[in-house]
There are 2 protein chains.
Amino acid sequence: MDTRTRIQEVALELFTEHGYEKTSLREVAERLGVTKAALYYHFKSKEEIVNSFVEDRILVMDELIRWAESQPPGVELRRAVLTRYADDLFGRNRFAVMRFFEQNQTVLKNLSAGLQMRDRMLRVARLLAGPDQSAENEVRAALAIFAVHSSFFTMRPEITAQDRHDVALKVAFELLDRIAEVEAEGEKVDAGHR
Amino acid sequence: MDTRTRIQEVALELFTEHGYEKTSLREVAERLGVTKAALYYHFKSKEEIVNSFVEDRILVMDELIRWAESQPPGVELRRAVLTRYADDLFGRNRFAVMRFFEQNQTVLKNLSAGLQMRDRMLRVARLLAGPDQSAENEVRAALAIFAVHSSFFTMRPEITAQDRHDVALKVAFELLDRIAEVEAEGEKVDAGHR
DNA sequence: GTCTATACCAGGATAGAC
DNA sequence: GTCTATCCTGGTATAGAC
């Protein structure tokens, strides 16, 4: 395997395990049997290493958002968006990068990769919250997304990946359905006022 | 005001604004017109500064947990615990420290203050999730707590503090009530099996 | 008891040799 | 494509001034 890929793998592992800031490039280099300066041949900076393995997740999110915006809105779409969100981002052992995100939320606020990911998540949240712009539906949407993420670190370790997935979506769907209920009530009130 | 207190104030502000790791002690010292070494007279280390202003919040949490464990369980207690959680931790402009927590989740995993706070939050979560130990109720409890925290950064800025508080608790109560519902259903099933 | 001066070592980054 | 040497900044430690 080429050095560039090996750097990405080792960095992702250490950044996730010990945190981005607490991982020195010397550690990464030593684990690969090279010097710090060698890393700087392959990547412009420490941050660039992060960008390189996050890029892919951003593209997946963009694809999801583009698809969601092309569909007719409704309860079914909300559920479908969140299901796809969970499967695309965390499915098939792809969650290594997502675990990195969970473990490094703070730093990511100052990293371009983090800001881009944040932006995508906000757009998904807005899709789920619907057009009524109520604060409570925004909270419900945020919690639904958080349920999916939390399924990887909130639950007890003996629970299987499949169960985590199913439980997270079950609770999240309750929140999404409640959003739709509140929307419907709001429209009834509007109609009554006319 | 004495230097020790001023160090705490400036450090809390900078640690929250720019992050714990990205804030150097030189910055803190300069802002106070002293040298780095002066800080080391008042605090053993950078981490000690954090401990000093988090201590207080830990005591508040301990008090809340002790009280909750002395009360008869039920739906009402859950709501009361979460209400008190929100008021004790975030009330009366006390949320500066909580904002520090939100902004520094990663580092706090390696800091004693963070581990202690984490431990308290887990215990509150267990109280809210109830005795049935189901994964879905654990998720609901975690989300209810997260709703309170998120109320300070998820919602749009034009929403008042009072509204944030109310909306967060409203959504959180729906989750808590659902926990109780699921518990009741579980007991019915148990009874049917006997 | 409160602080300054100074030094040490580790971490990110760069220039230039091979 | 990789290394040595070097720079600057950051956390930490200590000696000593007032």
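Note that these values count all heavy atoms, side chains included, but never hydrogens, waters or copies made by symmetry. Lettering follows sequence order; numbering is per chain, from 1.
Near DNA chain C, meaning a heavy atom under 4.0 Å from it, residues 8-18 of chain B has no residue at all. For DNA chain D, the neighbouring residues in residues 21-33 of chain B, judged by any heavy atom under 4.0 Å, are B:Thr23, B:Ser24, B:Leu25, B:Arg26.
Between A:Phe101 and A:His149, the ring center distance fails the sub-6.0 Å criterion.
Of the N and O atoms on the side chains of A:Gln162 and A:Asp166, at least one donor lies less than 3.5 Å from an acceptor on the other residue.
Running 5' to 3' along DNA chain D, contacts with non-hydrogen atoms of chain B at under 4.0 Å begin and end at D:dG10 to D:dT14.
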- Task: Output, in order, the C-alpha distance, side-chain angles, deciding distance and verdict of side chain to side chain donor-acceptor pair (under 3.5 Å) for B:Gln8 and B:Ser52.
- Result: CA-CA 8 Å; B:Gln8 288 174 319; B:Ser52 76; 2.9 Å; yes
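With sequence neighbours excluded, no residue satisfies side-chain hydrogen bond (donor to acceptor under 3.5 Å, both in side chains) with A:Tyr20. Not a single side-chain hydrogen bond (donor to acceptor under 3.5 Å, both in side chains) links B:Arg4 to another residue, sequence neighbours left out. Under the side-chain contact (heavy atoms from CB on, under 4.5 Å) criterion, B:Arg120 pairs with B:Ile58, B:Met61, B:Asp62, B:Ile65, B:Gln116, sequence neighbours left out. Listed by chain and residue number, B:Arg78 satisfy the side-chain hydrogen bond (donor to acceptor under 3.5 Å, both in side chains) test with B:Glu183 (two or more places apart in sequence, or in another chain). Partners of B:Gln105 under the side-chain hydrogen bond (donor to acceptor under 3.5 Å, both in side chains) rule, at least two apart in sequence or in another chain, do not exist in this structure. Every residue was checked against the ring pair (Phe, Tyr, Trp, His ring centres under 6.0 Å) condition with A:His165, not counting sequence neighbours, and none meets it.
What separates CD1 of A:Ile49 from C1' of C:dA13 is a distance of 12 Å, to the nearest Å. For the pair A:Tyr40 OH and C:dT14 C1', the computed distance is 9 Å after rounding to whole Å.
Of the residues B:Leu128, B:Leu176, B:Val182, the one that meets the side-chain contact (heavy atoms from CB on, under 4.5 Å) test with B:Arg140 is B:Val182.
The nearest heavy atom of DNA chain C to B:Lys36 and to B:Arg4 marks one nucleotide each, and the one closer to the 5' end goes with B:Arg4.
Each salt bridge (charged side-chain N to carboxylate O under 4.0 Å, His left out) pair with one or both residues in residues 96-117 of chain A, not counting sequence neighbours, appears once here: A:Glu17-A:Arg99. Within the structure, ring pair (Phe, Tyr, Trp, His ring centres under 6.0 Å) pairs that include any residue of residues 21-61 of chain B comprise B:Phe53-B:Phe100 (at least two apart or interchain).
Note that the two end axes of the helix from C:dG1-D:dC18 to C:dC18-D:dG1 enclose an angle of 0°, each drawn from 5 base pairs, rounded to 10 degrees.
With hydrogens and angles ignored, the 3.5 Å screen pairs no side-chain donor or acceptor of A:Glu63 with any backbone N or O of A:Val60.
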